[in-house]
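These figures come from a predicted structure and were not determined experimentally. Just so you know, ligand 1 is whichever comes first in the structure, and atom 1 is the first atom listed for that ligand.
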Amino acid sequence: MNYSVALVGAGPTAIFSLQALLTIASLPARVTVFERQRRAGQGTPFSPYWSDPIMLANIASIEIPALPQPLVDWLRSQTDARLASLRIAREDIDDRAFYPRLALGEYLASQFMTLVSRARSMGIEIEVRTQATVTDVLIMGEKIQLKVSDSRNTETASLFDYAILATGHQWPSDPEVSSGYFTSPWPASALARIYNRPVGIRGTSLTAIDACVALADHHGEFVSANGDELEYRAKPATEKFAITLFSRKGVLPEADFYHPIPYEPLMICSAVAIQKLTFECGPEGLLDAAFELFRQELAAADPSYAADMGLQTLTIDEFCTAYFAKRTNTDPFNWARHNLVEAMANAERHVTVRWRYAILRMHEVFAILVPHLSDLDFERFADSLKTVFVDNYATVPHESIKRLLALHAAKKLNVEKLEDGAHLDTWTAKQGATLFDGKRRVHFPAFIEATGQQVSSAKDFPFPSLRRQGVIQDIASDGDIEAKRGIAIDGFFHPISAFESSHRLFCLSLPFLLGDHPFAQGITSSAEMAQVVADAIHAAESGRAISAAPQR
Ligand SMILES: Cc1cc2nc3c(=O)[nH]c(=O)nc-3n(C[C@H](O)[C@H](O)[C@H](O)COP(=O)(O)OP(=O)(O)OC[C@H]3O[C@@H](n4cnc5c(N)ncnc54)[C@H](O)[C@@H]3O)c2cc1C
């Protein structure tokens, strides 16, 4: 075949896209990869520019979709010195272990280079352009034009038959938008400006833990104590350093739990059953009908859990309150301590908590349903079941919980519930931010927003010509409610527009997908999206029609 493909961005999504393109019968003749960082393949969260060596990945080798070499094999093939530089001990290599994110970045970059060599050996002309920022994309007749700026700010334009936009996370290059107030913890190097001060952090999940451990690392160190536990030792003259985490529920994430991989099939709330509902129900009744399947699956998986919470009579909102009830009424660190003991014991004995595993598997099938919900039910889902799914799948490495417990024991960390109507003033004080929650006002000389990647809309799309051409547009709202659903794409990730050639464009850029695809973050999703794109290109090149679940 004689067609060209541009990959915009060289993170995990681009790596899996390249790999999937090498498996289709109608191979591309030319592939060009554009990456704005110095090195291709590490993506954003796994690169030393954005992350800190202490930050952990929350995906284990066994969960990473197939690449040329599994992560554990790659780690075992490294020298002791290289492993030490990645903060990994050879005896700790295990297919269910969690490693520093920068180690994962090294692994991903090496797999990318293997795939590049593989492409060359297959006769594909492939060019990897690093320090090359794609500044604009536009549709020009039958082609896609890319404008690219290199390290000397020289701009060039080239035409491609297909472009896969895999630009990933979007964070400002300097998150400290006013003195002491950080709109995100990225790049993590910016957090080094915070020293020996009380710090407020909005969020308690993975991103907030990242911010916590990076700050803790600057102010002291974690050391092993009492066998399995950690102790935090602060550096001298850091007595003012203490972190308060704020969240709406005032709870911490739970510890990673043992479960069979690959997933066992769901019996009732299966992908087929949910797909059937999307055809049978109108958007209005869809969420409640799906919740009925969710309820039946959960009760069948773990009858005593269901009976304990009275699942049979709960509405979707009541279920979510019941799911978090015990945790919100318990001290978060006591809860974390007990949950960790249970998770470690279960991992040791390969015991799976059935209700946790059922919810984990069901988040994937609910992902099919979300694009079909009415705006009203989209909002209901976001405020209810989505929070349960995220809590369940975004569990954290045991090491992360140990670090939080050690910081709390050293009186360096607390968690507080953010009352309804709480307000953050980021402008009045000279530094940081002041929190008002109706009862009190607390000033933090440093404050970090750490609630993770938010959904972005078309106005923030990085390529202005596609916006101007009307190729990239927001999903239209139903009317009264303005739901943040991201940009309009079809089942193949083509932007929905009047342009015939928009089928040559694939938008896999995360923040713009996260509305209707709330669980798209993660390496497993990168692999799934990549396969859809490669299949679509193969179908187009071989003149075959294929269908995908309709999206909006
Ligand atoms: C803090 C954090 C931790 C995470 N940890 C995990 C984890 O442990 N496990 C997991 O499965 N998932 C994790 N994720 C989810 C993460 O979204 C995905 O795993 C993965 O990074 C998505 O890959 P991507 O290639 O789509 O995006 P990214 O990783 O963001 O990569 C996008 C790439 O595109 C480049 N780029 C962007 N714009 C341009 C441009 N205009 N021109 C040229 N290049 C460009 C960027 O430099 C980058 O290299 C984490 C996310 C965050 C935020």
Check contact between [X] and ligand 1, using heavy atoms of the residue and a distance below 4.0 angstrom.
X: F46; answer: yes
X: Q521; answer: yes
X: R101; answer: yes
X: N58; answer: yes

Any idea which protein heavy atom is nearest [atom], and the distance to it?
atom: atom 1 (C) of ligand 1; result: W186 CZ2, 3.3 Å
atom: atom 10 (C) of ligand 1; result: I523 N, 3.7 Å
atom: atom 23 (O) of ligand 1; result: P12 CD, 3.3 Å
atom: atom 18 (C) of ligand 1; result: G522 N, 3.7 Å
atom: atom 42 (N) of ligand 1; result: V134 N, 3.0 Å
atom: atom 46 (C) of ligand 1; result: E35 OE2, 3.5 Å
atom: atom 50 (C) of ligand 1; result: P45 CG, 3.7 Å
atom: atom 17 (O) of ligand 1; result: H169 NE2, 2.6 Å

SB check [X] [Y] (cutoff 4.0 Å):
X: R30; Y: E127; answer: no
X: K143; Y: D161; answer: yes
X: K147; Y: E155; answer: no
X: R356; Y: E254; answer: yes

So, [X] versus [Y], ring centres under 6.0 angstrom or not?
X: F246; Y: F444; value: yes
X: F506; Y: F492; value: no
X: F182; Y: F447; value: no

Quick one: look at [X] and ligand 1, take heavy-atom pairs under 4.0 Å, and tell me if it's side chain, backbone, both or neither.
X: A132; value: backbone
X: M55; value: neither
X: A166; value: backbone
X: W171; value: side chain
X: T524; value: neither
X: L206; value: neither

Requested in this report: For atom 27 (O) of ligand 1, state which one of P185, G168, A520 supplies the nearest heavy atom.
Outcome: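 Heavy atom nearest to atom 27 (O) of ligand 1 belongs to G168.
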Query raised in the report: Just going by heavy-atom distances, which of L513, I15, T207, T167 is nearest to atom 37 (C) of ligand 1?
Result: T167
Query raised in the report: Between F512 and F461, does a ring-ring contact (aromatic ring centres under 6.0 Å, His included) hold up when you go through it step by step?
Result: CA-CA 8 Å; F512 304 93; F461 203 71; 4.9 Å; yes
Query raised in the report: T44 to ligand 1: N or O pair under 3.5 Å?
Result: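 Min N/O separation from ligand 1 is below 3.5 Å for T44.
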Query raised in the report: Short N/O distance, under 3.5 Å, between T13 and ligand 1?
Result: yes
Query - Any donor-acceptor N or O pair under 3.5 Å, side chains R101, S51 - result: yes
**Report entry** Mutual orientation of the aromatic rings belonging to H503 and H494 [parallel < 30°, tilted 30-60°, perpendicular > 60°]
**Finding:**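 Perpendicular: the ring planes of H503 and H494 meet at over 60°.
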Query raised in the report: Relative to the ring of F381, is the ring of F366 parallel (under 30°), tilted (30 to 60°) or perpendicular (over 60°)?
Result: parallel
Query raised in the report: Can any side-chain N or O of R504 pair as donor or acceptor with the backbone N or O of I144 at less than 3.5 Å?
Result: no
Query raised in the report: Is the NZ or CZ atom of R403 both under 6.0 Å from the centre of the six-membered ring of F222 and within 45° of that ring's axis?
Result: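 Yes, R403 lies over the aromatic ring of F222.
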